[in-house]
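A short write-up of the structure that comes next.
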Number of protein chains: 2
Amino acid sequence: MTMNTPREIFANYISKQGLRNTQQRDDILAAFFSSEKHITVEELFSVVKTKNPAIGYATVHRNLNLLCECGLADEIKIGKQKARYEPKFGQKHHDHLICLRCGKFTEVINSKIEKLQDKLAEENGFMPVRHKLEIYGICRECR
Amino acid sequence: MTMNTPREIFANYISKQGLRNTQQRDDILAAFFSSEKHITVEELFSVVKTKNPAIGYATVHRNLNLLCECGLADEIKIGKQKARYEPKFGQKHHDHLICLRCGKFTEVINSKIEKLQDKLAEENGFMPVRHKLEIYGICRECR
DNA sequence: TCTAAGATGATATTAATTTTCATTTTCAAT
DNA sequence: ATTGAAAATGAAAATTAATATCATCTTAGA
Ligand SMILES: [Mn+2]
Ligand SMILES: [Mn+2]
Ligand SMILES: [Zn+2]
Ligand SMILES: [Zn+2]
């Protein structure tokens with residue numbers, strides 16, 4: 001049994017956990033995967049409401065957490081800002097360039113840096129699990 | 001006029017800003033620079049109270065912010081945890097290895113990574129200002 | 001169909017941070 | 001040294017994002 005779409009992966013995770021599939025979950029997932037990346041709970045709540053005006057904020061919040069649990073989303077915390085979420089599906093790990101002026105996230109990947117990070121950790125007797133590299137500065141459009 | 005100690009730097013910054021030097025500022029700075037690094041407001045508050053039992057939490061909080069402003073402290077936010085602060089004085093930039101089990105911070109620096117980060121930013125038309133690299137994993141003592 | 005368990009949505013709570021405000025303190029001008 | 005305007009302090013309140021509560025509704029298996 002191949003599980004192709006995020007929708008299938010989510011429904012499958014929900015079932016396996018003894019939880020229940022609902023229209024709300026479906027609405028939230030659909031909105032999440034068709035919205036801008038790096039979205040806040042509040043922003044996603046607004047989007048979902050256009051399709052399902054009865055949806056509650058708490059439901060969006062809870063289901064974003066479930067999406068993180070099942071590997072379909074990543075939470076991104078920048079300083080004291082509200083948590084942001086990005087869909088994760090058939091997508092490699094990446095780091096972020098974050099514009100101090102407009103807030104734009106640019107996704108970047110550099111395998112040389114990744115390897116050096118692992119080496120650095122190991123040199124310190126440290127077993128790396130995950131990492132977070134954020135470069136803050138001024139983006140092309142803002143300078 | 002050379003400004004040597006953090007104490008002098010702080011007093012100087014306060015004066016230049018048209019603010020006023022107080023005993024509380026002195027107590028807070030002294031405690032901050034003689035405590036463990038990566039301390040929370042609450043922890044520093046406890047330390048300062050042993051020397052000055054009348055000190056208020058808000059005063060410690062406000063002065064940690066001033067210390068950040070004048071470059072004598074850095075705020076470190078890890079996920080949803082309380083903010084931590086580290087003294088910054090005659091000390092190079094460094095990154096952190098953070099143990100997922102015991103929470104220990106290990107300070108590391110790798111100039112090769114630093115250079116590659118700048119290169120990566122520039123390749124994307126991005127002018128880097130600062131960055132944050134945190135490697136999460138299991139420290140030597142915890143594995 | 002029936003029902004136990006889970007989900008939802010409105011609201012309340014939590015916890016860290018920041019603000020308010022009455023009072024005290026600083027410090028430059030006298 | 002005295003004065004007084006402006007800033008600092010400390011206690012308490014407000015703010016804010018995140019999370020929990022709970023009455024009601026819905027799901028899904030028997
Ligand atoms: Mn991203
Ligand atoms: Mn450090
Ligand atoms: Zn920008
Ligand atoms: Zn450890």
Side-chain angles (χ1 to χ4, degrees), chain A residues 10-32 38-70 73-85 103, chain B residues 10-32 38-70 73-85 103:
Chain A
F10 193 38
N12 197 261
Y13 175 78
I14 293 297
S15 296
K16 283 219 172 98
Q17 297 293 116
L19 307 178
R20 291 165 184 185
N21 287 292
T22 65
Q23 183 60 49
Q24 286 93 331
R25 295 205 206 283
D26 223 48
D27 294 342
I28 290 165
L29 180 132
F32 183 55
H38 316 122
I39 199 170
T40 64
V41 180
E42 199 163 38
E43 288 162 353
L44 184 57
F45 175 54
S46 295
V47 175
V48 181
K49 277 227 282 203
T50 66
K51 284 288 170 185
N52 180 347
I55 199 101
Y57 179 93
T59 301
V60 175
H61 172 270
R62 283 185 289 238
N63 279 288
L64 272 173
N65 282 347
L66 283 173
L67 286 167
C68 289
E69 277 178 34
C70 76
D74 263 344
E75 190 189 80
I76 305 172
K77 282 288 297 173
I78 303 293
K80 294 171 184 168
Q81 297 176 28
K82 296 185 199 177
R84 293 184 173 274
Y85 297 84
Chain B
F10 193 37
N12 198 261
Y13 175 78
I14 293 297
S15 297
K16 283 223 173 95
Q17 297 292 118
L19 306 178
R20 290 164 188 189
N21 288 291
T22 65
Q23 185 59 51
Q24 287 93 332
R25 296 204 206 284
D26 223 47
D27 294 343
I28 290 164
L29 180 133
F32 183 55
H38 316 121
I39 200 171
T40 63
V41 180
E42 198 163 40
E43 288 162 355
L44 184 59
F45 175 54
S46 295
V47 174
V48 181
K49 277 226 282 204
T50 67
K51 284 287 171 188
N52 180 347
I55 198 102
Y57 180 93
T59 301
V60 176
H61 171 270
R62 284 186 286 236
N63 279 287
L64 273 173
N65 283 346
L66 283 174
L67 286 167
C68 289
E69 275 177 35
C70 75
D74 263 345
E75 190 189 80
I76 305 172
K77 283 287 298 171
I78 302 293
K80 293 167 187 175
Q81 297 176 28
K82 296 184 200 178
R84 293 183 172 277
Y85 297 82

Exercise. With sequence neighbours excluded, tell me which residues meet salt bridge (Lys or Arg N to Asp or Glu O under 4.0 Å) with B/E69.
Key: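 With sequence neighbours excluded, B/E69 shows a salt bridge (Lys or Arg N to Asp or Glu O under 4.0 Å) to no residue whatsoever.
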Exercise. Applying salt bridge (Lys or Arg N to Asp or Glu O under 4.0 Å), name anything that partners A/K77, two or more places apart in sequence or on another chain.
Key: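 Counting only residues at least two positions away or on another chain, A/K77 forms no salt bridge (Lys or Arg N to Asp or Glu O under 4.0 Å).
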Quiz prompt | Interatomic distance where CD1 belongs to B/I55 and C1' belongs to D/dT9 [whole Å] | solution =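 In whole Å, D/dT9 C1' and B/I55 CD1 are 8 Å from each other.
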Quiz item: Which whole-number value in Å describes the distance from A/I14 CD1 to D/dT26 P?
Solution: 18 Å
Sort me out a list of protein N/O and nucleotides 15-19 of chain D N/O pairs below 3.5 Å, or just none if empty.
unit_1 : atom_1 : unit_2 : atom_2 : d
D/dA18 : OP1    : A/A83  : N      : 2.8
D/dT19 : OP1    : B/K80  : NZ     : 3.2
D/dT19 : OP2    : A/H61  : NE2    : 2.9

Quiz item: Which of these, B/V60, B/I39, B/T40, B/I28, sits in a side chain to side chain contact (heavy atoms under 4.5 Å, CB included) with B/F45?
Solution: B/V60
Quiz item: Checking all strands, does B/N63 fall into the base, sugar-phosphate, or nothing category for heavy-atom contacts under 4.0 angstrom?
Solution: sugar-phosphate
Check side-chain contact (heavy atoms from CB on, under 4.5 Å) between [X] and all other residues, then give those that pass, not counting sequence neighbours.
X     : answer
A/S15 : A/N21
B/A58 : B/R62
B/Q17 : B/Y13, B/L19
B/T22 : B/Q24, B/R25

Quiz prompt | Pair A/R84 + A/E75, salt bridge at N-O below 4.0 Å | solution =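 Between A/E75 and A/R84 there is no salt bridge, as every charged N stays at least 4.0 Å from the carboxylate O atoms.
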Exercise. Write out all pairs satisfying side-chain hydrogen bond (donor to acceptor under 3.5 Å, both in side chains) with one or both partners inside residues 45-58 of chain A, taking only residues at least two apart or from two chains.
Key: A/D27-A/N52
Exercise. Enumerate the residues from residues 22-30 of chain B whose closest heavy atom to DNA chain D is under 4.0 Å, giving them by residue number; use none for an empty result.
Key: B/T22, B/Q24, B/R25
Exercise. At the 4.0 Å heavy-atom cut-off to chain B, mark where contacts on DNA chain C begin and end, going 5' to 3'.
Key: C/dA16 to C/dC27
Quiz item: Quick one: does A/Y85's side chain get under 4.5 Å of A/L44's, heavy atoms only?
Solution: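 Of all side-chain heavy-atom pairs linking A/L44 with A/Y85, none is under 4.5 Å.
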Quiz prompt | Any B/L66 side-chain heavy atom under 4.5 Å of B/F10 side chain | solution = yes
Quiz item: What about A/R20, does its side chain sit under 3.5 Å from the base of D/dG29 through a donor-acceptor pair?
Solution: no
Quiz prompt | Axis bend over the full length of the helix from C/dT1-D/dA30 to C/dT30-D/dA1, computed from five pairs that close each end, to 10 degrees | solution = 20°
Quiz item: For B/H61, what residues pass the side-chain hydrogen bond (donor to acceptor under 3.5 Å, both in side chains) criterion, not counting sequence neighbours?
Solution: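 With sequence neighbours excluded, B/H61 shows a side-chain hydrogen bond (donor to acceptor under 3.5 Å, both in side chains) to no residue whatsoever.
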Quiz prompt | N/O (side chain, B/N21) to phosphate O (OP1/OP2, D/dA8) under 4.0 Å | solution =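 Looking at the OP1 and OP2 atoms of D/dA8, neither is under 4.0 Å from any side-chain N or O of B/N21.
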Self-check item: CA sep, side-chain torsions, deciding dist, call: A/H38, A/I76, side chain to side chain contact (heavy atoms under 4.5 Å, CB included)
Solution: CA-CA 8 Å; A/H38 316 122; A/I76 305 172; 3.4 Å; yes
